[in-house]
A.B. asks: 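Below is the structure I would like to discuss, written out as structure tokens.
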Amino acid sequence: MDVFRPLRGLCKLTWLEIKIFVREPMGFIGSVAIPVLMFVVLSRMLGRRLGEGTSEIFIQLRVGLPVVAAVFIAINTVLSLVAIISIYREGGILKRLRATPLGPVTILVTHVLVKLILTAVTVILMLLAGRRFYPAGADVPVVAFTLALLLSTWSILSIGFIIASVVRTARFAPPLGSLVLSSMLPFAFSGLLPFELPPSMQAVSRFIPLTYAVSLLSGIWQGDPWSAHLGDVAALVVVFAVCTLIASRLFRWE
Amino acid sequence: MSSPVIRVSGIRKTYGTTVAVDDVSFEVQPGEIFGLIGPNGAGKTTTMECVEGLRQPERGRIEVFGLDPTRDARALQDRIGVQLQEAQLQKRIKVWEAVDLWASLYPTTVDGDRLLDQLGLTEKRDAWFMTLSGGQKQRLFIALALINDPELVFLDELTTGLDPQARRAIWDLVRDIRERGTTVFLTTHLMEEAERLCDHVAIIEHGRIIDHDTPAGLVRRHCPERTVVVATAHDDAASRFRALPSVDTVTSEDTRLRVRGCGDDLVTEVIHCLSEHRMRVTEFRTEEPTLEDVFLKLTGRSIRD
């Protein structure tokens with residue numbers, strides 16, 4: 001038996017899905033071009049003031065803005081996955097692929113890989129643009145920040161799989177995904193705010209997966225070593241494990 | 001007789017409280033086109049998907065080439081080709097990309113370009129899936145089902161939604177598949193399709209097989225009546241026909257007489273009678289019962305209901 005066959009299928013389908021994604025103008029513009037453009041525009045608008053400002057709020061913004069942009073890239077990625085899985089399921093594409101030797105795991109891993117590759121491309125483009133326009137971008141650890149974003153995206157993609165599993169139609173899956181993820185944002189970004197949240201909101205934020213993504217991303221952006229964020233990494237891995245387990249029980253191919 | 005390619009024994013499949021398939025048994029012999037026929041919702045697709053290994057029946061046993069479709073799915077997938085009902089591909093996948101992807105998944109494949117040529121899709125090689133017509137999409141699905149040079153092909157409601165011309169073109173392709181020595185297992189609710197294509201058919205209704213045989217065998221057993229329609233101005237024609245041994249009834253419609261009866265000699269007797277009595281005939285035709293009539297007889301309703 002050819003042991004490389006599943007790997008060949010995985011590579012081929014991944015490359016094909018990337019090409020298909022790029023051919024979809026709205027998806028490509030929404031997921032890659034707009035986040036990068038928004039970051040560039042905001043950087044140009046605030047750049048000088050951000051660079052020169054010494055007050056607490058400017059210092060917070062210097063870290064906060066790229067982290068917010070990165071989290072939005074991750075959320076975009078997850079919503080894109082939710083949409084694609086539900087559209088593929090509704091159209092019978094998932095079922096058709098499942099009737100090949102590809103195997104269910106390969107098909108799902110392909111979609112995760114495609115989304116992670118596109119996330120990496122987007123964040124690298126954002127960081128390259130940031131180096132040109134953003135005042136605090138010159139000494140950013142590009143590789144470490146990209147890895148942190150990929151880990152965060154990988155973790156919350158599993159939440160996307162749960163949403164894609166439970167929502168029956170392609171029409172309602174992305175709005176529900178958007179609602180679930182955006183409702184996490186006020187709690188997740190609490191650590192970046194220049195004031196403390198009430199204790200009850202702080203308690204809630206500890207149960208929000210995005211909180212750990214924001215903490216990891218802002219720490220790495222500021223040059224923290226990975227060892228300082230092992231708790232965040234562990235939390236993201238646990239989120240992935242739990243959500244993947246739930247999604248595997250709920251997932252429907254048709 | 002060689003051992004069957006597919007052997008299904010007493011399978012049952014339910015969805016919640018709905019029994020989709022109950023106590024279904026049949027066999028498919030090598031090299032034949034076998035059709036599972038019945039109205040929409042009768043259990044055709046569920047049965048086929050159980051045989052393909054996409055669904056697990058709660059009861060009963062299925063063997064395909066002696067393998068269990070669920071347990072031995074990997075080994076089986078290399079030997080079968082599948083076309084699913086109402087399946088789609090990615091909207092912006094190109095025809096050649098789909099064929100190339102499918103080809104990369106199997107150890108043995110046929111030449112993809114040649115296959116596209118045989119199916120009349122060469123000109124559409126670089127076209128996106130979303131731009132193909134219904135007939136072209138179905139031909140592409142046939143190409144994907146044949147790319148691994150399978151020994152057995154599953155075709156689920158292959159021509160549903162196609163215009164008559166595209167349907168006939170697909171029928172020719174299915175016959176070509178059989179000519180290659182490949183066994184074909186298809187489902188259809190189109191009785192004409194089953195009659196024209198299938199060597200054997202099983203009629204399924206409410207999840208149960210109600211009979212199976214060759215199309216001609218089913219018609220012969222369940223609808224042995226034949227009808228001869230004769231238009232003649234001869235006054236004694238009706239009474240002379242009624243006197244023939246094979247004739248059961250003679251009814252008149254305008255200038256036509258409808259002569260109904262059983263047996264292979266009916267037409268010969270009517271012709272002989274016309275000749276013997278020198279009756280002048282302006283119209284003569286026979287009406288053969290079809291699988292549609294068999295279905296009506298067995299279930300008490302039309303398959304279109």
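Naming: A, B, ... by sequence-line order, numbering from 1 per chain. Just so you know, these numbers come straight off a predicted model, no measurement behind them.
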A.B. asks: Is chain A contacted by the side chain of B:Glu49, its backbone, both, or neither, given a heavy-atom distance below 4.5 Å?
C.D. replies: side chain
A.B. asks: Can you confirm whether B:Ile33 sits close enough to B:Phe185 that some side-chain heavy atom of one is under 4.5 Å from a side-chain heavy atom of the other?
C.D. replies: no
A.B. asks: Any residues in residues 120-141 of chain B near chain A, with a heavy-atom distance under 4.5 Å, and which are they?
C.D. replies: B:Trp128, B:Phe141
A.B. asks: Under 3.5 Å, is there a donor-acceptor pair between the side chain of B:Gln83 and the main chain of B:Asp156?
C.D. replies: yes
A.B. asks: Is there a donor-acceptor contact under 3.5 Å from the side chain of A:Arg23 to the main chain of B:Arg92?
C.D. replies: yes
A.B. asks: Taking side chain as everything from C-beta outward and backbone as N, CA, C, O, which of these in A:Tyr88 sits under 4.5 Å from a heavy atom of chain B? Side chain, backbone, both or neither.
C.D. replies: side chain
A.B. asks: Is there a donor-acceptor pair closer than 3.5 Å between any side-chain N or O of A:Arg96 and the backbone N or O of B:Val82?
C.D. replies: yes
A.B. asks: Give a yes or no on whether the backbone of A:Leu10 and the side-chain of A:Thr14 come within a donor-acceptor separation of less than 3.5 Å.
C.D. replies: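 At least one qualifying donor-acceptor pair exists.
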A.B. asks: Against chain A, label B:Gln90 side chain, backbone, both or neither, depending on which of its atoms sit under 4.5 Å from a heavy atom there.
C.D. replies: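 Contact with chain A involves both backbone and side-chain atoms of B:Gln90.
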A.B. asks: Checking the side chain of A:Arg89 only, and the main-chain atoms of A:Ala164 only, is there a donor and an acceptor separated by less than 3.5 Å?
C.D. replies: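 Yes, A:Arg89 side chain to A:Ala164 backbone: donor-acceptor pair under 3.5 Å.
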A.B. asks: Test A:Lys115 against A:Thr153 for side chain to side chain donor-acceptor pair (under 3.5 Å), laying out the working first.
C.D. replies: CA-CA 9 Å; A:Lys115 296 305 166 198; A:Thr153 309; over 6 Å; no
A.B. asks: Quick check against the 3.5 Å criterion: does A:Thr100 have a side-chain atom that pairs as donor or acceptor with the backbone of A:Leu97?
C.D. replies: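 Answer holds: yes.
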A.B. asks: If the contact rule is any heavy atom under 4.5 Å from chain A, which residues of residues 102-112 of chain B qualify, in numerical order?
C.D. replies: B:Trp102, B:Ser104, B:Leu105, B:Tyr106, B:Pro107
A.B. asks: With no hydrogens and no angle check, is any side-chain donor or acceptor of B:Arg59 less than 3.5 Å from a backbone partner on B:Arg12?
C.D. replies: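 Checking the backbone N and O of B:Arg12 against the side chain of B:Arg59, no donor-acceptor pair under 3.5 Å is found.
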A.B. asks: Look only at the side chain of B:Ser25 and the backbone of B:Gly10, and say whether a donor-acceptor pair between them is shorter than 3.5 Å.
C.D. replies: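 Checked: pair present.
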A.B. asks: If we define contacts as heavy-atom pairs under 4.5 Å, which of B:Leu101, B:Leu144, B:Leu76, B:Ile80 has the most with chain A?
C.D. replies: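 Maximum pair count with chain A is reached by B:Leu101.
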A.B. asks: Counting only heavy atoms closer than 4.5 Å, note whether B:Asp78 contacts chain A via side chain, backbone, both or neither.
C.D. replies: side chain
A.B. asks: Counting distance only, does the side-chain N/O of B:Thr187 pair as donor-acceptor with the main-chain N or O of B:Glu157 below 3.5 Å?
C.D. replies: yes
A.B. asks: Non-hydrogen atoms of chain A under 4.5 Å away: do they reach the side chain of B:Lys91, the backbone, both or neither?
C.D. replies: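 Contact with chain A: none, neither part.
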A.B. asks: Please state whether the side chain, the backbone, both or neither of A:Glu24 comes within less than 4.5 Å of a heavy atom of chain B.
C.D. replies: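 It is both, since atoms from each part get that close.
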A.B. asks: Are the side chain of B:Thr18 and the backbone N or O of B:Ala20 linked by a donor-acceptor pair below 3.5 Å?
C.D. replies: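 Side chain of B:Thr18 to backbone of B:Ala20, a donor-acceptor pair under 3.5 Å: no, none is there.
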A.B. asks: Below 4.5 Å from any heavy atom of chain B, which atoms of A:Leu16 appear? Answer side chain, backbone, both or neither.
C.D. replies: side chain
A.B. asks: Any side-chain donor-acceptor pair under 3.5 Å between B:Gln29 and B:His200?
C.D. replies: no
A.B. asks: In terms of heavy-atom pairs under 4.5 Å, which option from A:Gly9, A:Gly92, A:Gly91 contacts chain B the most?
C.D. replies: A:Gly91
A.B. asks: Ring centroid separation for B:Phe26 and B:Phe34, is it under 6.0 angstrom?
C.D. replies: yes
